[in-house]
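On a predicted model such as this, the values are computed, not experimentally measured, just so you know.
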Amino acid sequence: MQFIRSENLVPNMRLAKPIYNKSGVLLYERDSKITPSIIKSISNFGLIGIYVLEPAEPLPPITEEDLEFEKNQTIFVFTYKEILDNLKKGKIPGKLNSLVELVIKEYGTLNHPINFIQNMRAPDDYVYKHGVSVAILCALITKYLKLDYRHQKNLVTAAFLTNLGYLFIPDNISKKGTWLSESDKDSIQLAMEKGLSTLKQKDKLLVLPPDSIDLVEYYVLSTSKNKNAPRPSKMIEHLSNILRAANTFDQLTAMNINHSPLSDITAMKFLYTEQKKYSKKVIDALSKVIHIMPRGASIDLTTGDSAIVIDENSDNFMKPIILRLIDNKIYDLSDPKTYRYIQIYDTMKTMDNRIRIDNDTLKQFHSDPLLISTLNKFKRSS
């Protein structure tokens, strides 16, 4: 699978991912051969590019939930782009509240973790895809933390609105990626404050949840060198902690044209080490709402060899049950004796941020009665 920019597409390439219109209607199935009309449609949609399959590459497996997630992403991004662009122009967007409610309905009510899939991003669409991902993460975390609907709505609204400032960042800075000077960072902060000022001017006309602008203001000004953030209530501070963690996690792990992303596990390790900046309670919640170390994930071990996760550990994603490839044996990393000498170093993913092995392929590891008996033994002992 490879990412091809729209201007470089040629007929007879095969789609690796489905293409939807802004209403979520499926236009082109996966594995469809690209035609001149498809190339024209992709250009008209304003897509930076798409994933295509290698000439001899089989169609990779995907679950119905993952397909639904990608469909929702498309709908959300189209709507969100319209909202932000209107705000920047000084217009009042009419779809913000309905978008917030839709995100909460889809992801603020789930009782299980999801595969958090991110699309390739470029400077032209980064802000919109980033804002949608952060809003989804915030909805998932608030559900896990059992916050009521009012607080969910405040936070998801703020997750969308804080990104307005990114549209005011000069192009020469936004295209730099991660290599930013102190002057660049100061320019970004000024842009974020300009976005905040724009929102405050339209506050009454936007008909927003009561505390959403206060949350945006505290979040934006808490990193300012020249302005003091208002003293927050405990809830505003808590919601800001969620927003900050979701924002950083998505920035670190997003597939980006400008730079390679960190793996989910490396990003989580970073968040846990920055205890003064990120709430451990929030990071723990984040680890529970998305699959960090899912079944089928290919992993590198600290011993220098590789393994496959065959059973997640819902209590500690760093300690799943694995099948070590060097000796074809099962190891339970939650066992202190095992964990002392075998630990996970990092995960390996495909370029569209998926795990390498799917559940159907993984089933072969359960066909051996001895393997099943051993796995059950590990589960009973733990």
Mutual orientation of the aromatic rings belonging to His130 and Tyr166 [parallel < 30°, tilted 30-60°, perpendicular > 60°]: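 Because their plane-to-plane angle is over 60°, the rings of His130 and Tyr166 count as perpendicular.
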
Within the distance-only criterion (no hydrogens, no angle test), does the side chain of [X] pair as donor or acceptor with the backbone N or O of [Y] below 3.5 angstrom?
X      : Y      : answer
Arg295 : Val309 : no
Ser98  : Lys95  : yes
Gln201 : Gly90  : no
Gln152 : Gly108 : yes
Ser32  : Tyr28  : no

Applying side chain to side chain contact (heavy atoms under 4.5 Å, CB included), run through Phe168 and Met192 and close with a yes or a no. CA-CA 8 Å; Phe168 296 103; Met192 299 300 289; over 6 Å; no

Could you walk me through whether Phe270 and Thr248 satisfy the side chain to side chain contact (heavy atoms under 4.5 Å, CB included) test, starting with their C-alpha distance in whole Å, then the side-chain angles of each, then the deciding distance to 0.1 Å, before giving a yes or no? CA-CA 10 Å; Phe270 170 79; Thr248 301; 4.1 Å; yes

Spatial distance of atom [atom1] ([X]) from atom [atom2] ([Y]) [nearest 0.5 Å]:
X      : Y      : atom1 : atom2 : answer
Asn72  : Lys105 : CG    : NZ    : 10.0 Å
Leu137 : Leu155 : CG    : CG    : 10.5 Å
Lys227 : Leu190 : NZ    : CG    : 8.0 Å
Thr253 : Ile265 : OG1   : CD1   : 13.0 Å
Ser212 : Asn154 : OG    : CG    : 5.5 Å
Ile4   : Ile42  : CD1   : CD1   : 11.0 Å

Taking the side chain as C-beta and beyond, is there a heavy-atom pair between [X] and [Y] under 4.5 Å?
X      : Y      : result
Tyr272 : Ser287 : yes
Arg324 : Leu301 : yes
Thr273 : Tyr278 : no
Lys17  : Ile50  : no
Val289 : Pro113 : no
Thr347 : Ser298 : no
Ile342 : Thr302 : no
Pro18  : Glu70  : yes

Is there a path of hydrophobic side-chain contacts, each under 4.5 Å between heavy atoms, that joins Tyr341 and Ile299?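 Yes: a chain of side-chain contacts under 4.5 Å links Tyr341 to Ile299.
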
Within 6.0 angstrom of [X] [atom1], more than 12 heavy atoms from elsewhere:
X      : atom1 : answer
Lys269 : NZ    : yes
Lys288 : NZ    : yes
Glu7   : CD    : yes
Tyr345 : OH    : no

Is the shortest side-chain N to carboxylate O distance from Lys153 to Glu101 below 4.0 Å?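 Here Lys153 pairs with Glu101 in a salt bridge, since their nearest N and O are under 4.0 Å apart.
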
Is the shortest side-chain N to carboxylate O distance from Asp284 to Lys280 below 4.0 Å?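 Result for this pair is yes, salt bridge flagged.
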
What are the two closest heavy atoms between [X] and [Y], and how far apart are they?
X      : Y      : result
Phe249 : Phe116 : CE2-CD2, 4.1 Å
Lys129 : Asp125 : NZ-OD2, 2.9 Å
Leu87  : Leu164 : CB-CD1, 4.0 Å
Asn21  : Thr74  : O-CG2, 3.7 Å

Given side chain to side chain contact (heavy atoms under 4.5 Å, CB included), test Ile308 with Ile322 step by step and report yes or no. CA-CA 5 Å; Ile308 296 170; Ile322 65 171; over 6 Å; no

Side-chain donor-acceptor contacts of residues 228-246 below 3.5 Å, not counting sequence neighbours, with atom names and distances?
{"residue": "Ser233", "atom": "OG", "partner": "Ile236", "partner atom": "N", "Å": "3.1"}
{"residue": "Asn241", "atom": "ND2", "partner": "Glu237", "partner atom": "O", "Å": "3.4"}
{"residue": "Arg244", "atom": "NH2", "partner": "Ser222", "partner atom": "OG", "Å": "3.1"}

Does the side chain of [X] come under 3.5 Å of the side chain of [Y] through a donor N or O and an acceptor N or O?
X      : Y      : result
Ser181 : Ser183 : no
Gln118 : Ser133 : no
Glu65  : Asn115 : no

Can Val216 and Leu196 be said to form a side chain to side chain contact (heavy atoms under 4.5 Å, CB included), step by step? CA-CA 7 Å; Val216 173; Leu196 171 63; 4.0 Å; yes

Tell me which pairs pass salt bridge (Lys or Arg N to Asp or Glu O under 4.0 Å) where either residue lies in residues 208-226, with sequence neighbours left out.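 Every salt bridge (Lys or Arg N to Asp or Glu O under 4.0 Å) pair that includes a residue of residues 208-226, provided the two are not neighbours, is Glu182-Lys225, Asp186-Lys225, Lys200-Glu217.
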
Side chain to side chain donor-acceptor pair (under 3.5 Å) evaluation trace for Tyr128 with Asp85: CA-CA 10 Å; Tyr128 312 109; Asp85 290 350; 2.7 Å; yes

Where do Asp346 and Ser263 land on the side chain to side chain donor-acceptor pair (under 3.5 Å) test, with the steps shown first? CA-CA 7 Å; Asp346 206 349; Ser263 67; 2.4 Å; yes

Partner set under ring-ring contact (aromatic ring centres under 6.0 Å, His included) for Phe69, not counting sequence neighbours: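 Partners of Phe69 under the ring-ring contact (aromatic ring centres under 6.0 Å, His included) test: Tyr107.
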
